[in-house]
Amino acid sequence: MSDVLVAAEHRRGTLRDVSYEAITAGRELADARGGDLHVAVVGGDVDGFAEDLNRDGVDAIHTVDDGEEFDHNAYQAAVSTLADRIDAGAVVLPNSVNGLDYAPALAEALAVPIVTDAVGIDYDGGLTVTREMYGSKVETTVDVAGDRFVLTVRGGEWPPADGVGDATVEAADVDIPESGARVTGFEEVGGGDVDIADADVLVSVGRGIEEEENLELVEELADALGATLSASRPIVDNGWLPKNRQVGQSGKVVTPDVYIAVGISGAVQHVAGMKGSDTIVAINTDPNAPIFDIADYGIVGDLFDVVPELIDEFA
């Protein structure tokens with residue numbers, strides 16, 4: 001039972017980034033256990049998804065052609081069947097709405113323990129999982145009894161797998177029970193004009209902007225950089241930007257190439273949503289603001305002085 005099985009996730013015809021991050025976590029586990037890494041993809045364009053999932057470190061990909069979108073019964077049946085078929089000791093899922101939907105049922109079907117929302121893993125003859133709780137204010141470790149388990153991993157905590165692999169691809173014949181529920185469509189809520197999780201560059205604004213009319217200044221900076229505008233929770237709570245623009249534990253987890261925090265102090269709830277960014281730039285008047293603890297570059301100054309200078313530089 002040294003092999004690891006990762007279940008990929010897709011939505012509306014696109015593989016989600018956390019699928020590639022889960023592959024990295026799964027490869028880490030497989031290396032520690034001395035096993036192979038298998039990836040399962042259920043539903044949708046399974047052949048196209050398999051090609052995209054064939055990254056460095058993946059040994060085998062199993063496709064289950066059933067439906068177009070997520071279905072609890074299909075995923076639970078397919079992943080549990082594959083885990084038993086390949087004798088996988090560890091099953092890794094994204095800690096997403098879909099992943100958390102069927103992870104408990106999967107663990108019950110396999111009769112194994114489950115640990116959710118992992119931000120770190122260590123395996124040395126046994127699994128130790130690092131988790132963050134209470135808005136990332138507390139870090140805990142969980143030792144898992146037994147050598148077989150289900151694990152969900154938080155997005156943005158592992159780098160996405162890259163490169164081109166040479167995995168075998170196999171269409172799996174799985175008996176999928178008839179489901180009483182199917183996805184019939186999607187409706188965006190709270191403004192669906194953009195998905196900040198897909199942005200390469202984000203300019204994020206916080207309470208330091210002071211007034212709604214001052215948002216125009218930060219929007220100009222975003223335009224000059226070809227970036228996407230996002231925000232911390234106070235901006236969304238005030239109704240100045242829609243919910244889909246919120247970064248943080250109660251918003252979206254983002255991992256852009258560049259994240260520019262304008263007037264954001266760096267509360268743990270916000271940091272939890274953007275600390276995986278490749279490069280973090282912070283602008284704040286307070287030299288002791290927590291955001292500077294994780295920033296790669298920091299500017300201590302009034303945003304109303306700094307931002308116009310940046311606009312002139314990049315416009």
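In this chain, residues are counted from 1 in sequence order. None of these values were measured; they are calculated from a predicted model.
Between Ala118 and Ile121, the closest heavy-atom pair is CB-CG2, 4.4 Å. Of all the heavy atoms in Ala7 and Val79, the pair that sits closest is CB-CG2, 4.0 Å. When all heavy atoms are compared, the tightest approach of His10 to Val42 is NE2-O, 2.8 Å. Nearest approach of Thr81 to Ala77, heavy atoms of both residues: OG1-O, 2.7 Å. Contact record, Val153 with Ala25: CG1-CB, 4.2 Å, taken as the closest heavy-atom pair.
Put simply, the side chain of Asn238 gets close to the backbone of Pro234: a donor and an acceptor are under 3.5 Å apart. With Ser80 contributing its side chain and Gln76 its backbone, the two residues share a donor-acceptor pair below 3.5 Å.
Residues Leu229 and Ile196 fail the side-chain proximity criterion, which asks for heavy atoms closer than 4.5 Å. The closest side-chain heavy-atom distance from Leu215 to Val205 is below 4.5 Å. Proximity of Val218 to Val203: side-chain heavy atoms (C-beta onward) are separated by under 4.5 Å at one or more points. Between Pro308 and Leu217 there is a side-chain heavy-atom pair separated by less than 4.5 Å. No side-chain heavy atom of Val253 sits under 4.5 Å from any side-chain heavy atom of Val247. Proximity of Val281 to Asp296: side-chain heavy atoms (C-beta onward) are nowhere separated by under 4.5 Å. Between Asp195 and Asn244 the shortest side-chain heavy-atom distance does not fall below 4.5 Å. Side-chain contact between Leu53 and Leu15 is present, with heavy atoms from C-beta onward closer than 4.5 Å.
Among residue pairs with one or both ends in residues 253-263, none qualify as salt bridge (charged side-chain N to carboxylate O under 4.0 Å, His left out); sequence neighbours excluded. Sorted by first then second residue, the ring-ring contact (aromatic ring centres under 6.0 Å, His included) pairs that include residues 75-125, not counting sequence neighbours, are Phe70-Tyr75, Phe70-Tyr102, Tyr75-Tyr102. Counting only residues at least two apart or in different chains, salt bridge (charged side-chain N to carboxylate O under 4.0 Å, His left out) contacts with residues 45-60 comprise Arg27-Asp59. Judged as a salt bridge (charged side-chain N to carboxylate O under 4.0 Å, His left out), the pairs with a partner in residues 115-127 (not counting sequence neighbours) are, in order, Asp117-Arg154.
Here CG of Leu5 is found 12.0 Å from CG of Leu29. Values are rounded to the nearest 0.5 Å. Rounding to the nearest 0.5 angstrom, the gap separating the CD atom in Glu219 from the CG atom in Asn214 is 11.0 Å. Taking CG from Leu225 and CG from Leu202, the interatomic distance works out to 11.0 Å, rounded to the nearest 0.5 Å. Here the CD1 atom belonging to Ile283 is positioned 11.5 Å from the CD atom belonging to Glu309, to the nearest 0.5 angstrom. For the atom pair His270 NE2 and Gln249 CD, the distance stands at 12.5 Å (nearest 0.5 Å). A distance of 9.0 Å separates CD1 in Ile86 from CG in Asp36, rounded to the nearest 0.5 Å.
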Original post:
Where do Arg33 and Asp147 land on the salt bridge (Lys or Arg N to Asp or Glu O under 4.0 Å) test, with the steps shown first?
Top reply: CA-CA 10 Å; Arg33 294 165 64 93; Asp147 202 42; 3.5 Å; yes

Subject >> Verdict with supporting geometry, Ile61 and His38, side-chain contact (heavy atoms from CB on, under 4.5 Å) >> reply: CA-CA 6 Å; Ile61 299 172; His38 299 251; over 6 Å; no

Original post:
So Val258 and Asp278, side-chain contact (heavy atoms from CB on, under 4.5 Å) or not? Walk me through it.
Top reply: CA-CA 6 Å; Val258 179; Asp278 287 346; over 6 Å; no

**OP:** Begin with the C-alpha distance, continue with both residues' side-chain angles, and end with the deciding distance and a verdict on side-chain contact (heavy atoms from CB on, under 4.5 Å) for Asp87 and Asp3.
**Re:** CA-CA 7 Å; Asp87 203 21; Asp3 289 354; over 6 Å; no

Subject >> Audit row: Leu93, Asn95, side-chain contact (heavy atoms from CB on, under 4.5 Å) steps and yes/no >> reply: CA-CA 6 Å; Leu93 316 176; Asn95 192 72; over 6 Å; no

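Neither Ile280 nor Val201 shares a network with the other; the hydrophobic side chains, linked directly or stepwise wherever heavy atoms of I, L, V, M, F, W or Y lie under 4.5 Å apart, form separate groups for each. Tracing side-chain contacts under 4.5 Å through hydrophobic residues (I, L, V, M, F, W, Y), one never reaches Ile264 starting from Val236; they form parts of separate clusters. Tracing side-chain contacts under 4.5 Å through hydrophobic residues (I, L, V, M, F, W, Y), one never reaches Leu151 starting from Leu100; they form parts of separate clusters. Note: the hydrophobic cluster containing Val41 also contains Leu37 (ILVMFWY, side chain heavy atoms under 4.5 Å, direct or indirect links). Cluster annotation: Leu241 and Ile209 are assigned to the same hydrophobic cluster (Ile/Leu/Val/Met/Phe/Trp/Tyr, side-chain heavy-atom contacts under 4.5 Å, transitive).
For Pro94, the side-chain contact (heavy atoms from CB on, under 4.5 Å) criterion is met by Glu9, Val18, Ser96, not counting sequence neighbours. Checked against side-chain contact (heavy atoms from CB on, under 4.5 Å), Asp305 has the following partners two or more places apart in sequence or in another chain: Asp302. The side-chain hydrogen bond (donor to acceptor under 3.5 Å, both in side chains) check on Asp198 picks up nothing, with sequence neighbours excluded. Judged as a side-chain contact (heavy atoms from CB on, under 4.5 Å), and not counting sequence neighbours, the contacts of Ser250 are Arg233, Lys243, Gln246. Residues forming a salt bridge (Lys or Arg N to Asp or Glu O under 4.0 Å) with Arg131 (at least two apart in sequence, or on another chain): none. Contacts of Ala289 classified as side-chain contact (heavy atoms from CB on, under 4.5 Å), with partners at least two apart in sequence or in another chain: Asn284, Asp286, Ile291, Phe292.
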Return all side-chain donor-acceptor pairs below 3.5 angstrom for residues 103-113, not counting sequence neighbours, or 'none' if the list is empty.
none

Hey, can you pull the donor-acceptor pairs under 3.5 Å for the side chains in residues 155-176, sequence neighbours left out?
residue : atom : partner : partner atom : Å
Trp158  : NE1  : Glu28   : OE1          : 3.0

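A side-chain hydrogen bond (donor to acceptor under 3.5 Å, both in side chains) with Tyr259 is found for exactly one of Ser277, Ser204, Ser230, namely Ser204.
Residue Phe304 qualifies as enclosed at atom CZ: its count of foreign heavy atoms under 6.0 Å is above 12. Taking a 6.0 Å sphere around CZ of Arg148, one finds it holds more than 12 heavy atoms contributed by other residues, nucleotides or ligands. Within 6.0 Å of CD in Glu213 there are more than 12 heavy atoms belonging to other residues, nucleotides or ligands.
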